[in-house]
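Working notes, beginning with the structure itself.
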Amino acid sequence: MLDLFKKQSITRRWLINSMGIVVAVLIVVEILALILADNYYSSAIRQSLVSTLEGISAELKNYQSSAGYSAEVRSLVESFPEKEKFELMTIGSSGSTTLTSSGFQPSEWMDLGDYEAAKSSETGTSLSETTLKSGEHVMVYTVMLPGPVEEYSAMRIMTSLDGVRGQLLRLGIMLSAVLLGIVLLMLFSGMYFVRSIVIPVRQMCSIAHNYASGDFRERIEKTKEDEIGELADAINYMATELENSDKVKNEFISSVSHELRTPLTAIKGWSETALEMPDDPETVQKAMRVITGETQRLSEMVEELLDFSRIQDGRFTLRKETCDILAELGEAVLIYTERAKSLELELKYYEPQMLPFVYGDRARLRQVFINIIDNAVKYSNPGGTVSVEAYEQKGDIVVLVSDTGVGISPDDLPKVKTKFYKANHTRRGSGIGLAVANEIVEMHGGSLIINSVLGKGTTVMITLPGMTES
Ligand code: ADP
């Protein structure tokens, strides 16, 4: 869990980018709500202080010039009906408190500075917030009285703000609790979501590392049909393909090694024999024939491997020129005439009168024909027939090589043109001949199509674009 929070983790980014912003917005909203509530309460209190005291002072105006003015003021203060909410007081001309509605000793009141402020103001009123000696926070509204009595020069109304403060505090705590609840809810649901991405990704990562080190045993468990599930499918598919290609590659190495060993064994054996019997010209001659033949086979194989590696890294190029394809095909057939005879195969060549020229690489095209005829001979059994035919079709040149050999199963047929693929392990071969031939034909703008019936035979159709006469 801890390393989920490492520097570059998705969880960390989500926490900072999404959660961070949400928390900041919620805090701002809470602060704004508290400021609004504070303003609302303050203005409500202010209004009620002002309206109450203005009412009282308006009432006193009626008694302003009567003899009972002082008694009226005293009675108003002492019988003030809203004692519970407000404190009503009178202030003398010296600024000291002279009467209080709560009945506390007026002399105990400190000078709140409100009298001077009201006296010097144009309206004859003052509104202020102050803290009493007791530590209580209050709002004070003071009005200068019109009456002639010096003892009652002004009247003050006051109320505690501590209750409002408490209420604001409670509101703040409540809002904070709601905020915390929202944040926790988001955190849990978000973590669940992030973990549903992070955990499979981490699992994929560790399995992919195994694949990189060549261990393809494990597969990723697909839990959901979402993008992560699709990724799991894709990685599993990749692993299967890698495993297959790894297997095919290993088979390729073993078959190539085997292919190399067979002629080398023959060369070694016959050269030893020739060395042992230098005076027997017949044996020496036979040894030389075998050695030459096997060396030829080896060099052809090495050439094929080199071609294949050139195709792989894009170094395979064609030296194109106008060429007579018929000559190349005739030569390829000629090479196999002897071998077919020795293998008791009938090699039929239906040679056309003429074919259009091809703009291509003479040597490479011959290599293709040799390869295909070699396969036809190789995968045939004694008594079989290999026929080679060529004709023109709508300006294209078609070369057909058919055999009555072992054939290819429908399962293997789509794969035989792929590199290293050997459908038949009973005959020599590296499994890259068809891949190279197909590449060469495609580089000429042509196609190589294989049709085959297992046990009946195979037909390879090579189509090459002919040169149009200009
Ligand atoms: P290889 O060197 O093994 O012959 P290729 O690439 O030439 O490799 O051919 C690939 C596979 O296709 C062969 O292993 C063989 O199984 C199959 N194949 C090719 N040509 C024929 C054919 N004429 N008859 C039967 N099988 C063939």
Side-chain angles (χ1 to χ4, degrees), residues 244-245 247-263 294 296-312 316 329 332-333 335-336 339-340 343-349 364-389 398-443 447-462:
N244 282 344
S245 84
K247 214 167 81 191
V248 168
K249 219 174 215 166
N250 289 340
E251 278 173 12
F252 169 74
I253 292 169
S254 97
S255 73
V256 165
S257 319
H258 186 76
E259 288 302 306
L260 292 171
R261 205 174 51 189
T262 317
E294 293 302 316
Q296 173 72 16
R297 204 169 124 187
L298 272 178
S299 77
E300 276 167 14
M301 230 177 86
V302 171
E303 249 345 283
E304 194 175 65
L305 288 171
L306 283 174
D307 277 348
F308 175 73
S309 109
R310 285 187 200 112
I311 289 174
Q312 289 297 293
F316 191 85
L329 187 61
V333 173
I335 292 172
Y336 282 89
R339 190 179 295 174
L343 291 170
E344 295 169 40
L345 293 172
E346 193 183 351
L347 179 57
K348 291 184 188 162
Y349 180 33
R364 296 296 187 198
L365 288 174
R366 190 175 56 224
Q367 185 185 344
V368 171
F369 300 142
I370 290 177
N371 226 309
I372 304 301
I373 299 172
D374 183 67
N375 275 349
V377 170
K378 193 163 75 179
Y379 296 104
S380 286
N381 294 318
T385 308
V386 172
S387 27
V388 181
E389 197 182 335
V398 179
V399 177
L400 280 181
V401 179
S402 323
D403 63 69
T404 54
V406 295
I408 306 167
S409 76
D411 284 347
D412 290 325
L413 196 55
K415 302 176 202 157
V416 289
K417 280 200 288 184
T418 55
K419 57 189 178 186
F420 310 141
Y421 197 84
K422 277 183 72 159
N424 193 320
H425 292 271
T426 61
R427 317 275 160 121
R428 66 185 170 78
S430 56
I432 53 175
L434 275 181
V436 173
N438 186 54
E439 181 72 22
I440 295 173
V441 172
E442 283 185 352
M443 279 172 90
S447 66
L448 189 151
I449 298 166
I450 306 169
N451 281 308
S452 188
V453 178
L454 194 63
K456 287 249 168 358
T458 306
T459 301
V460 179
M461 183 166 95
I462 300 162

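Read the numbers this way: they start at 1 and go in the same order the structure lists the ligands and their atoms.
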Protein N/O near ligand 1 N/O, under 3.5 Å, which pairs?
| from | atom 1 | to | atom 2 | distance (Å) |
| --- | --- | --- | --- | --- |
| ligand 1 | 2 (O) | S430 | N | 3.0 |
| ligand 1 | 2 (O) | G431 | N | 3.1 |
| ligand 1 | 3 (O) | Y379 | OH | 3.3 |
| ligand 1 | 3 (O) | G431 | N | 3.4 |
| ligand 1 | 4 (O) | N375 | OD1 | 3.2 |
| ligand 1 | 4 (O) | K378 | NZ | 2.9 |
| ligand 1 | 4 (O) | Y379 | OH | 2.8 |
| ligand 1 | 6 (O) | G433 | N | 3.2 |
| ligand 1 | 6 (O) | L434 | N | 2.8 |
| ligand 1 | 7 (O) | N375 | OD1 | 3.3 |
| ligand 1 | 7 (O) | N375 | ND2 | 2.9 |
| ligand 1 | 7 (O) | L434 | N | 3.4 |
| ligand 1 | 8 (O) | G431 | N | 3.3 |
| ligand 1 | 14 (O) | Y379 | OH | 3.2 |
| ligand 1 | 14 (O) | A423 | N | 3.3 |
| ligand 1 | 16 (O) | A423 | N | 3.1 |
| ligand 1 | 16 (O) | N424 | N | 2.9 |
| ligand 1 | 20 (N) | N375 | ND2 | 3.4 |
| ligand 1 | 23 (N) | D403 | OD2 | 2.9 |
| ligand 1 | 24 (N) | T458 | OG1 | 3.2 |

Quick one: list whatever passes side chain to side chain contact (heavy atoms under 4.5 Å, CB included) with A340, sequence neighbours left out.
L345, L347

Before accepting this row, confirm whether a basic side-chain N of the pair R297/E294 lies closer than 4.0 Å to the acidic partner's carboxylate O.
yes

Identify, with sequence neighbours excluded, every residue that meets side chain to side chain contact (heavy atoms under 4.5 Å, CB included) alongside E442.
N438

Basic-acidic side-chain contact under 4.0 Å: D412, K415:
no

Does the side chain of D307 come within less than 4.5 Å of E439's, by heavy atoms?
no

Qualifying residues under side chain to side chain donor-acceptor pair (under 3.5 Å), relative to N381, sequence neighbours excluded
R427

